[in-house]
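Comments concern the structure below.
In what follows, chains are A, B, ... by sequence order, proteins preceding strands, each numbered from 1.
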Protein chains: 2
Amino acid sequence: MATTVIVGGVAGGMSTAARLRRNDENREIIVFEASGYVSFANCGLPYHVGGVIPERSSLLLQTPESLGARFRIDVRTRHLVTEIDTVNNTVTVENLESGETFTQAYDELVLSPGARPFVPPIPGIERALTLRTVEDVDRIIAALDDSVKNVALIGGGFIGLELAENLIHRGLGVTVIERGPQILAPFDEEMAAIVAGHLEKNKVVIHTNADTTEIGEDSLTLADGTVIPADVVIAAIGVRPDTRLAEAAGLEIGPRGGIKVDEQQRTSVPNVFALGDAAEKTDINSGAAALIPLAQTANRHGRLVADIITGRDTKALPVLGTAIVGLFGLAASATGWNERNARRAGRNVRVIHIHPVNHAGYYPGATQLNLKLVIDADTDAILGAQAVGFEGADKRIDVIATAMRGGLTASDLADLELAYSPQYGSAKDPINLAGMVADNLAQGEKSVQWHELSDDMQLIDVRTVGEYERGHIPGAVNIPVDDLRENLDKIDASRPVVVSCQVGLRGHVATRILSGLGMDVANLDGGYLTYTHGQAARKFAHADQ
Amino acid sequence: MATTVIVGGVAGGMSTAARLRRNDENREIIVFEASGYVSFANCGLPYHVGGVIPERSSLLLQTPESLGARFRIDVRTRHLVTEIDTVNNTVTVENLESGETFTQAYDELVLSPGARPFVPPIPGIERALTLRTVEDVDRIIAALDDSVKNVALIGGGFIGLELAENLIHRGLGVTVIERGPQILAPFDEEMAAIVAGHLEKNKVVIHTNADTTEIGEDSLTLADGTVIPADVVIAAIGVRPDTRLAEAAGLEIGPRGGIKVDEQQRTSVPNVFALGDAAEKTDINSGAAALIPLAQTANRHGRLVADIITGRDTKALPVLGTAIVGLFGLAASATGWNERNARRAGRNVRVIHIHPVNHAGYYPGATQLNLKLVIDADTDAILGAQAVGFEGADKRIDVIATAMRGGLTASDLADLELAYSPQYGSAKDPINLAGMVADNLAQGEKSVQWHELSDDMQLIDVRTVGEYERGHIPGAVNIPVDDLRENLDKIDASRPVVVSCQVGLRGHVATRILSGLGMDVANLDGGYLTYTHGQAARKFAHADQ
């Protein structure tokens, strides 16, 4: 009887184990998990801290006993694999309860040890807690006793911000310290700024471009001397693939620092597989190695590895890195590349921002959605998208991720047939609108990004007088779109024109009117709203410099 | 200067007009609309009846004046086009206000007259109201005076049921009379039964297989003699393409009774275009003519026709017919073909039902989603899908509609990377789960549909004893999945086995265990839950026979 040993009993490892049993009733399947828990809800951990998920038991989706009964999997928690011998096909295992060490032989070895929280070398860092396991949650909750008033979170990523919300729910003062110029690195700055504004509205204090130099007893000091009150410090800076075992065994490590695997998730040793946060993935846009620590991919690759072990010839697809975070009711979701990534990769980038409502505006309860599309202008390929909004951001990113997987172009989004009744969408869904804008640009219409504006441009603000007076871009001349044809004398037709409105729609109409009259005209993409998001981003980024 | 005349000023016609202006600043654009309103929110009309959309003005998205100011479109409401002369390129128009008649020349004519409510030849039908225009809403609201206690709705389609909800909101007694065996014809019976059950819970009385034979002063009589109290009767039986003008002008009518058009929406006369509910579409699965009266398609084709008129060589794509209806908080959404359509078309049909929660079950507020996938078993192509649930049904159908447009197979759904955090989805999204089931079936696993069960099958119910005792399929033997390996002696391995659980997941595990032991085994697709939906459907359908 063949024996498969799996290192790690959470998403990837346990998906492998369960599928393996379903594929093969006659096989020994042993899972070693260093922590005390398997199949726990990683992504739910921050919500237990805040009491949103009140019962700790809700986080424990399976137990070694339940997995044994249903799948006859030999699950051993508190067992640390300390060494792999790829010549003799054995692992050395330490029982963390008894201290006893033993050797286990395998026919196939599957490495799914996950990632480790990155802990920066800051004086006092030993005071900082991290959040990765059920035991970590227990430690954080224990630390948040009645004496605690203020918590500092180092790191403005998904988990840090989810924790920030949950700590606010507990009535604590919360400061987020982010080393980079913005929170939420997967997003572009003007999209992240929407989220940052919402967090500040909900009493989260954010410092960007902020280096922590020292962690004291009840405070934390930044490089610029700012002292942040902090009875408890939590480091949520990001994770690094846990490659310790693999490296020690001489398995090849990839360019991004994860375990290198082929399309079948095989490491440099063919009967050793790796998956989940420890393994590198292949990026959908570039084909290059990528680190994308997401549960969905880990589960998917677990299933795949089990299929391959039991003889199916199949392979892993490149990954998009679709992700979402919900913060005080606001969702921020993204897939594929952001504009920064695309420009860094040297692509001819076309960017679209739109700000439609999530469902028909005439039906009560519509909220504004901020949707950004990043396109390869040479091919019209969708490189990525970002959506921020109270309702429907998840849906639009899921649709775009699906379109990317299906090889649809940005213009093709105009033709998607999405479910419309006034509670759920619009006759022209935000996705369709983005596709129509993409099509217009592919057909030669011109747009300008908020960060491309310059003082010497001839800028015409085509909103109403009231809108203009409530705030406008410096230097812009106001000619409402419905008066444009009668006020052409106010425009210097010999110079290029940039038109702007609130969200880009009237600007599009104005662009068509003026270009129809022979002028060289471009529309400010996303209008004044995207512009203000961009300004907010720059203000955030500079506030702490 | 070229002149384009457009007949009909709602979705399709007005999209054509506005796009035409944006494409061509120098063109005369005249829109004739027989009703008093253009660009009104058709899909919002039922919600104004119930006060969900309190302001009538919210339904009026544009006026002739606003369209004139922005797009210089000559919009004439209450103008009925009575005749087309395709030889001389003119239309005859009657001004319904003044009674005056005149002739208008065109270079291109665009027909977007929409559809007309079907009114069956029932004695007393002249008492029945219909709902298609703003004027219709006014009439319905006027009819619902204080004396009205009960309303009968003839027709259990989208608009009839939306009206039913809205009339309940007004405190009225509501009876829906459906001639067919089920409400919501785009859905399969067992999916429609979920909605029917929810409507009945909300006090809507439903009669299926019910022919109305007479409409009296304050009641309505069915063929079986049942008398339904009805102070007001509304007929919402469906719509027929309004082809009167086109037929009179000798334009070709297609096999489904709509105006026949080519891929460029041209009728049999090349400078006459047709679109919207009056025109036939092309079905995505069969390539055959189809009638799909949806706003999204009308808008999309309006844009396309404008592009073609102004010289772009482009064409319309086949349509899926994605639609959704929300009823008392429950959404029912569908795209492509249902199982009935697929079987009728002679396809080798593979069907999947799953019933996962809409987001991670460990996060508060998860609700059950009922998702059905219809697949061509020969090619693994997705032919269609249906989703019914309180949250996230719209999202899943949008994703599947996008996958269909992108040519992804059913098994490919397993690999979609959808946005997951516990408020918004699951690490294995319902879409992924459906894809995994599809992949299992494509790999040879067997399933049985609820309507394929027969008394001579060896049926093993693998749920817990408690679940089994609360209700089970007649003849099923209970062996909980976790005890299965120890109770093999209770199964006759020489005969085929059907296993069933609550939703199909444990049944899958049991299927794998037994087939791993060499038995011929199939899983009851969708489990006991789909079975009960099917039973409810049959009960509904027979109740009125």
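- For B:Leu408, the part sitting under 4.5 Å from any heavy atom of chain A is the side chain, from C-beta outward, and nothing else.
- Interface residue B:Tyr47: only side-chain heavy atoms are found under 4.5 Å from chain A.
- Neither the backbone nor the side chain of B:Ala334 comes within less than 4.5 Å of any heavy atom of chain A.
- With chain A as the partner, the residue from B:Ala69, B:Gly392, B:Ser426, B:Ser57 showing the most heavy-atom pairs under 4.5 Å is B:Ala69.
- If you take OG on A:Ser58 and OH on B:Tyr363, they are separated by 12.5 Å, rounding to the nearest 0.5 Å.
- Between the side chain of A:Gln296 and the backbone N or O of B:Leu416, at least one donor-acceptor pair lies under 3.5 Å.
- Contact of the A:Arg312 side chain with the B:Gln443 side chain is registered, since non-hydrogen atoms from C-beta on lie closer than 4.5 Å.
- Within the 3.5 Å criterion, the main-chain N or O of A:Ala323 finds no donor-acceptor partner in the side chain of B:Tyr420.
- Ionic pairing of B:Asp415 and A:Arg303 is not present here: no N-O contact between side-chain nitrogen and carboxylate oxygen is shorter than 4.0 angstrom.
- Heavy-atom distances place no part of B:Pro46 under 4.5 Å from chain A, backbone and side chain included.
- The parts of B:Val52 that come within reach of chain A are both its backbone and its side chain, each placing non-hydrogen atoms under 4.5 angstrom from that chain.
- Ranked by heavy-atom pairs shorter than 4.5 Å toward chain B, the options A:Asn26, A:Asn299, A:Val481 are led by A:Asn299.
- A 4.5 Å side-chain heavy-atom check between B:Pro422 and A:Cys43 finds at least one atom pair inside the cut-off.
- Between A:Val325 and B:Ser421, every side-chain heavy-atom pair lies at or beyond the 4.5 Å cut-off.
- A donor-acceptor contact shorter than 3.5 Å links the side chain of A:Asp398 to the backbone of B:Ala419.
- Other residues, nucleotides and ligands contribute at most 12 non-hydrogen atoms within 6.0 Å of the CD1 atom of B:Ile159.
- Within a 6.0 Å radius of CD in B:Glu391, other residues, nucleotides and ligands contribute 12 heavy atoms or fewer.
- With a 4.5 angstrom heavy-atom cutoff, B:Phe158 does not touch chain A via any of its atoms.
- Applying the salt bridge (Lys or Arg N to Asp or Glu O under 4.0 Å) criterion to B:Glu417, with sequence neighbours excluded, gives A:Arg405.
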Next item on the list: Could you give me the CA-CA distance, side-chain angles and deciding distance for B:Lys428 and A:Ser15, then say whether side chain to side chain contact (heavy atoms under 4.5 Å, CB included) is met?
Entry: CA-CA 10 Å; B:Lys428 288 173 187 155; A:Ser15 291; 3.7 Å; yes
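- Interface remark: of the candidates A:Ala331, A:Gly361, A:Ser66, A:Ala331 forms the most heavy-atom pairs closer than 4.5 Å to chain B.
- Taking 4.5 Å as the limit, some side-chain heavy atom of A:Arg512 sits within range of a side-chain heavy atom of B:Asn23.
- Contact count against chain B (heavy-atom pairs under 4.5 Å) is highest for A:Asp482 among A:Asp482, A:Thr297, A:Val509.
- For the pair B:Leu418/A:Ile397, no side-chain contact is recorded, criterion being any heavy-atom separation below 4.5 Å from C-beta on.
- For B:Asp24, no part lies near chain A; criterion is any non-hydrogen pair under 4.5 Å.
- Between chain B and the residues A:Thr335, A:Asp483, A:Asp412, A:Asn440, the largest count of heavy-atom pairs under 4.5 Å involves A:Asn440.
- Comparing B:Gly321, B:Ala298, B:Ala414 by how many heavy-atom pairs each has under 4.5 Å with chain A, the most go to B:Ala414.
- Contact of B:Arg27 with chain A is not made at all, since no heavy-atom distance falls under 4.5 Å.
- Only the side chain of A:Leu61 comes within contact range of chain B, with at least one heavy atom under 4.5 Å from a heavy atom of that chain.
- In this structure, no portion of A:Ala11 lies under 4.5 Å from any heavy atom of chain B.
- Highest contact tally toward chain A, considering only B:Gly44, B:Pro54, B:Gly425, is held by B:Gly44 [criterion: heavy-atom pairs under 4.5 Å].
- Of the atoms belonging to B:Glu55, not a single heavy atom falls under 4.5 Å from chain A.
- Residue B:Leu413 does not touch chain A at all, counting heavy-atom pairs closer than 4.5 Å.
- Between chain A and the options B:Gly326, B:Pro480, B:Ala393, heavy-atom pairs under 4.5 Å are most frequent for B:Gly326.
- When side chains are defined from C-beta on, B:His508 counts as touching A:Arg22, because their heavy atoms get closer than 4.5 Å.
- For chain A, the nearby parts of B:Met436 are the backbone and the side chain; heavy atoms of each come within less than 4.5 Å.
- Using a 4.5 Å cut-off between heavy atoms, B:Arg21 contacts chain A through its side chain alone, with no backbone atom that close.
- Chosen from A:Asn42, A:Leu294, A:Thr402, the residue pairing most often with chain B at heavy-atom distances under 4.5 Å is A:Thr402.
- Here the straight-line distance linking atom CG of B:Asp394 with atom NE2 of A:His359 works out to 10.5 Å at 0.5 Å rounding.
- With a threshold of 4.5 angstrom between heavy atoms, B:Leu317 approaches chain A through side-chain atoms but not through N, CA, C or O.
- By number of non-hydrogen pairs under 4.5 angstrom with chain B, the leading residue of A:Val319, A:Leu484, A:Ile400 is A:Val319.
- Put simply, the side chain of B:Arg485 gets close to the backbone of A:Arg70: a donor and an acceptor are under 3.5 Å apart.
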